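Just below is one structure, and these are the notes that go with it.
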Amino acid sequence: PCCSYDQTLDVLSLTKTNSPKTSSLPLADFWHPERNIFQKEDLFRRIGASSLNLQEADYCFEYPTPAFQNRESGVTLAHSKSSMTDLMILFKEGARITIEAKYTEYVKEEKYTPILDDWYQNKEHRKAIIQCWIDYINRSGCGSISSADELLNNNLELPYQFLHRTASACFKCKRPILVYQLFYDNDQYRKMKKFENLLKQCAENLKLNSDALPFFIVETEVVSYPKSCKGNASGLFTEMKQREQYKFGNTLSVLDGYT
């Protein structure tokens with residue numbers, strides 16, 4: 001998954017992307033290695049990552065974290081799928097920034113779905129997968145919930161993606177940082193703020209350790225985007241190699257995901 005930026009865009013261009021408001025598009029454009037330098041430097045500073053070697057980091061889009069039977073076995077759990085992180089930034093120092101992007105997802109749905117109750121459905125193999133994600137979080141000191149039963153008995157409304165995205169951040173990482181990068185237009189601002197409150201509630205319900213796992217919500221304004229490609233937006237990945245397709249606000253709002 002850690003290939004060059006242009007190679008990444010080639011792969012992403014093969015995915016079916018109907019709308020220019022699909023979050024993978026502005027995410028890829030924002031993290032172009034030669035664009036939005038000031039905003040990215042400011043972001044790294046505000047999340048406590050400016051001391052890391054940013055030049056030698058690996059920027060990996062669609063980064064997989066498998067659900068292993070145990071941390072060392074290399075054997076994945078039956079019927080499990082890897083947790084695919086939108087962007088994982090891996091540093092030589094052992095630190096990791098895990099970025100989940102959202103754009104219109106929080107506008108279309110009133111809830112962050114699927115929730116655990118809907119995904120679990122009393123299936124034992126899924127309970128084992130939930131336990132795996134909890135182990136990744138708990139054994140890294142990033143949370144205090146230790147069992148799937150404890151989580152399922154108290155937090156059936158927890159979004160399943162929030163669980164495994166958090167686990168991806170914590171897995172075998174000395175210094176994890178979790179980031180939700182929320183892209184928005186002016187007419188989406190209200191619903192974005194509502195979604196932010198939900199994310200903060202998720203962190204509280206999962207009983208995360210704020211000292212071990214810094215969690216940030218990054219508001220990124222989309223000033224303009226290509227509107228002429230609705231129905232088939234995949235080609236934008238190729239076009240952004242040569243020129244930017246999205247224009248972003250000069251200032252990012254970086255919020256603590258715990259307060």
Side-chain angles (χ1 to χ4, degrees), residues 1-15 17 20 22-66 82-103 105 136 140 161 164-183 213-222 225 233-250 252 254 257:
C2 293
C3 49
S4 73
Y5 180 77
D6 281 1
Q7 289 172 326
T8 296
L9 293 181
D10 288 338
V11 172
L12 290 174
S13 70
L14 300 176
T15 62
T17 309
T22 302
S23 58
S24 57
L25 282 161
L27 180 76
D29 206 346
F30 180 88
W31 288 97
H32 186 290
E34 296 176 2
R35 297 177 193 146
N36 308 299
I37 302 300
F38 171 79
Q39 293 98 316
K40 286 184 281 194
E41 288 178 348
D42 183 52
L43 170 59
F44 287 133
R45 178 183 61 80
R46 294 169 72 181
I47 67 175
S50 56
S51 63
L52 298 170
N53 191 335
L54 305 175
Q55 303 306 317
E56 294 187 9
D58 290 321
Y59 292 74
C60 309
F61 291 83
E62 294 299 315
Y63 184 86
T65 301
S82 292
S83 176
M84 304 300 292
T85 298
D86 289 335
L87 174 60
M88 189 76 81
I89 306 176
L90 305 171
F91 296 90
K92 307 301 183 188
E93 298 92 333
R96 174 186 300 167
I97 300 175
T98 301
I99 299 179
E100 176 67 25
K102 300 292 182 189
Y103 193 176
E105 295 91 339
Y136 288 0
S140 298
Q161 189 188 61
H164 65 76
R165 186 63 65 250
T166 305
S168 300
C170 300
F171 181 60
K172 291 186 175 181
C173 182
K174 298 177 182 177
R175 185 180 169 188
I177 299 174
L178 177 62
V179 172
Y180 268 68
Q181 185 168 13
L182 307 184
F183 296 95
L213 178 64
F215 170 37
F216 298 95
I217 299 168
V218 179
E219 299 176 349
T220 309
E221 182 183 8
V222 178
Y225 66 93
S234 300
L236 291 175
F237 287 114
T238 301
E239 292 178 26
M240 67 179 63
K241 289 182 184 180
Q242 303 301 325
R243 65 182 185 278
E244 63 180 2
Q245 301 298 308
Y246 295 76
K247 290 189 182 299
F248 304 101
N250 292 327
L252 304 177
V254 180

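Every value quoted in this text rests on a predicted model; they were computed, and no experiment measured them.
Remark: Lys241 NZ is packed, more than 12 non-hydrogen atoms of other residues, nucleotides or ligands lying under 6.0 Å away.
Contact annotation: the side chain of His164 never approaches that of Tyr136 to less than 4.5 Å [non-hydrogen atoms, C-beta and beyond]. Put simply, the side chain of Ser24 reaches to within 4.5 Å of the side chain of Phe237, judged on heavy atoms. The shortest distance between side-chain heavy atoms of Leu236 and Pro20 falls below 4.5 Å.
Distance check: Glu56 CD to Asp58 CG gives 9.5 Å after rounding to the nearest 0.5 Å. Distance check: Glu100 CD to Gln181 CD gives 10.5 Å after rounding to the nearest 0.5 Å. Atom CZ of residue Arg35 and atom CD of residue Gln245 lie 7.5 Å apart, to the nearest 0.5 angstrom. To the nearest 0.5 Å, atom CZ of residue Phe91 and atom CZ of residue Arg96 are 11.5 Å apart. A distance of 5.0 Å separates CD1 in Ile97 from CZ in Phe44, rounded to the nearest 0.5 Å.
Between the side chain of Glu93 and the main chain of Asn53, a donor-acceptor pair closer than 3.5 Å is present. Ser140 contributes a side-chain N or O that, together with a main-chain N or O of Cys170, makes up a donor-acceptor pair within less than 3.5 Å.
Thr22 and Thr17 share no side-chain donor-acceptor pair at under 3.5 Å.
The pair Arg165-Asp86 fails the salt-bridge criterion, with no side-chain N (NZ, NE, NH1 or NH2) lying under 4.0 Å from an Asp/Glu carboxylate O.
Ring planes of Tyr103 and Tyr225: perpendicular class, angle over 60° (limits at 30 and 60°). Between Phe248 and Phe183, the two ring planes are tilted [angle within 30° to 60°].
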